[in-house]
**Q** 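Structure in structure tokens, see below.
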Amino acid sequence: MSITGNRQFATLPTTVFTVMSALAVEHDAINLGQGFPDTDGPADIKAAAARALIDGPNQYPPMRGLASLRQAVADHDRRFHGLDIDPERGVLVTSGATEALTAAILALVNPGDEVIVFEPVYDSYLPIIRAAGAVPRVLRLAPPAWRLPEAALRAACSDKTRLIIVNSPHNPCGTLLGDDELDLLTELACRHDIPVLCDEVYEHLVFDGARHVPLMTRPGMAARCLRVGSAGKTFSLTGWKVGYLSGAPALIDLVAKVHQFLTFTTPPALQAGVAYGLALPDDYFTTLAADMQARRDRLAPGLAGHGFEVLPSAGSYFLTCGYGRFADCDDTEFALRLVREARVATIPLSAFYDQPVTQRLIRFCFCKQEAVLDAAVERLRRYLTRG
Ligand code: GLN
């Protein structure tokens, strides 16, 4: 057969999240790999979507999203971050953050342009950058602090740089961009006039009293940043695939040109549910974070107590852990052993790297019921102390 397909996509493996979730089913493992809660999101949000589904209309909603959801995103961004977003032209509703990221990358780069990303890097960014013909400049974050590499970042920014992508709170590292990192990004983006795509899907999953500060709040950055949110994370409804972008109308206008041909729009009933959710009182959002923090605090000592080197997690669904005490194989091999032999699924951190890494780290997802987390720790204990 001579059909070889698209050069960028045809040779890619299936995503690690799909692979590990399939292995979890095959081996009847507890799935602490792919990041999804094991309970459903709030009943009142589902009821709002169900009402909208039954009552209709169920025809194409506006291309940029229901007016009620665009207003809810603008109101949310003002309430939580003090941002001034135009609900008419400053918001775009997408089919998940994945589509928001894809549409934004395709909208902002041309072939040959450079795009700065930081690894560990969320797995959807690089294939899309490359499919657009752009050239990723991949800068590495180093554990355990995973801070932006200032000298390398300064050196990488040039008049070829057409986009920087940042993710905070960070998947998989669980870090938040600090004030000095926000200042550095601001200085460089303003000096070189580079837009910044800010993947902030875990904006409400921030722990220990810390606050997520969008880069867009920095002086000069409202015109340069696109913020990406996900109802999947904010409402524990990952299967809904409702995402949103907010930012300056000039940038959103560009992204809408791509969105109209990727998906055009997103199911209206789900949009109505998310509009309802974004307007919930503050209490919903603080409880979400407190609840997730409690799960982190359930899993972390369990893992540390059995010899994993647990790195700090200030936000997201994730804990990264060193396993060097148990094995000197690479992380993919270790994760395969855990899912097959301990019957606990995790994600090897090398899945978030463009180039090989030698560090021995795996990612555990803690957005699961506490009994499930406890059972996973018990399975790991039995496996790691087997005779
Ligand atoms: N973002 C999720 C994770 O990191 C997975 C999403 C997906 O499976 N595409 O686990």
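Every number for a ligand or one of its atoms is a count from 1 in the order of the listing. Note that the numbering runs from 1 along the sequence shown for the chain.
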**Q** So is G35 polar-close to ligand 1, meaning N/O to N/O under 3.5 Å?
**A**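 For ligand 1, there is an N or O atom that lies under 3.5 Å from one belonging to G35.
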**Q** For Y317, which part has a heavy atom under 4.0 Å from ligand 1: side chain, backbone, both, or neither?
**A**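 It is neither part, as no heavy atom is under 4.0 Å.
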**Q** Note the single closest protein heavy atom to atom 1 (N) of ligand 1, along with its residue, its atom name and the distance in Å.
**A**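 Going atom by atom, the protein heavy atom closest to atom 1 (N) of ligand 1 ends up being Y122 OH, 3.1 Å.
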**Q** With a 6.0 Å cut-off on ring centres, are F80 and H204 close enough?
**A**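 F80 vs H204: aromatic centres under 6.0 Å.
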**Q** Tell me, which protein residue and heavy-atom name are nearest atom 8 (O) of ligand 1, and how many Å apart are they?
**A**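 Ranked first by proximity to atom 8 (O) of ligand 1 is Q34 NE2, 2.7 Å.
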**Q** Measure the distances from the heavy atoms of T15 to every atom of ligand 1 and state whether one is below 4.0 angstrom.
**A**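 No, T15 has no heavy atom closer than 4.0 Å to ligand 1.
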**Q** Using ring pair (Phe, Tyr, Trp, His ring centres under 6.0 Å), reason through F308 and F364 one step at a time and then give a plain yes or no.
**A** CA-CA 11 Å; F308 284 99; F364 288 88; 5.5 Å; yes
**Q** Is the cationic atom of K368 (NZ for Lys, CZ for Arg) positioned less than 6.0 Å from the six-membered ring centroid of F36 and within 45 degrees of its normal?
**A**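 Pair K368/F36 counts as cation-pi.
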**Q** Checking contacts here: is it the side chain or the backbone of M20 that comes within 4.0 Å of ligand 1, counting heavy atoms only? Could be both or neither.
**A**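 The answer is neither; M20 stays 4.0 Å or more away.
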**Q** Do the ring planes of F326 and F334 sit parallel (below 30°), tilted (30 to 60°) or perpendicular (above 60°)?
**A**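 Aromatic pair F326/F334 classed parallel.
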**Q** Where does T98 meet ligand 1, judged by heavy-atom distances below 4.0 Å: at the side chain, the backbone, both, or neither?
**A**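 Under 4.0 Å from ligand 1, T98 contributes no heavy atoms.
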**Q** Taking only Lys NZ, Arg NE, NH1 and NH2, and the carboxylate oxygens of Asp or Glu, determine whether D330 and R360 approach each other closer than 4.0 Å.
**A**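 So D330 does not pair with R360 through a salt bridge.
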**Q** Measure from NZ or CZ of R295 to the centre of the six-membered ring of F366 and say whether it is under 6.0 Å with the direction within 45° of the ring axis.
**A**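 Because its charged atom misses either the 6.0 Å distance or the 45° angle limit, R295 does not stack over F366.
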**Q** Strictly under 4.0 Å, does any heavy atom of F36 approach an atom of ligand 1?
**A**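 The answer is no: ligand 1 sits nowhere under 4.0 Å from a heavy atom of F36.
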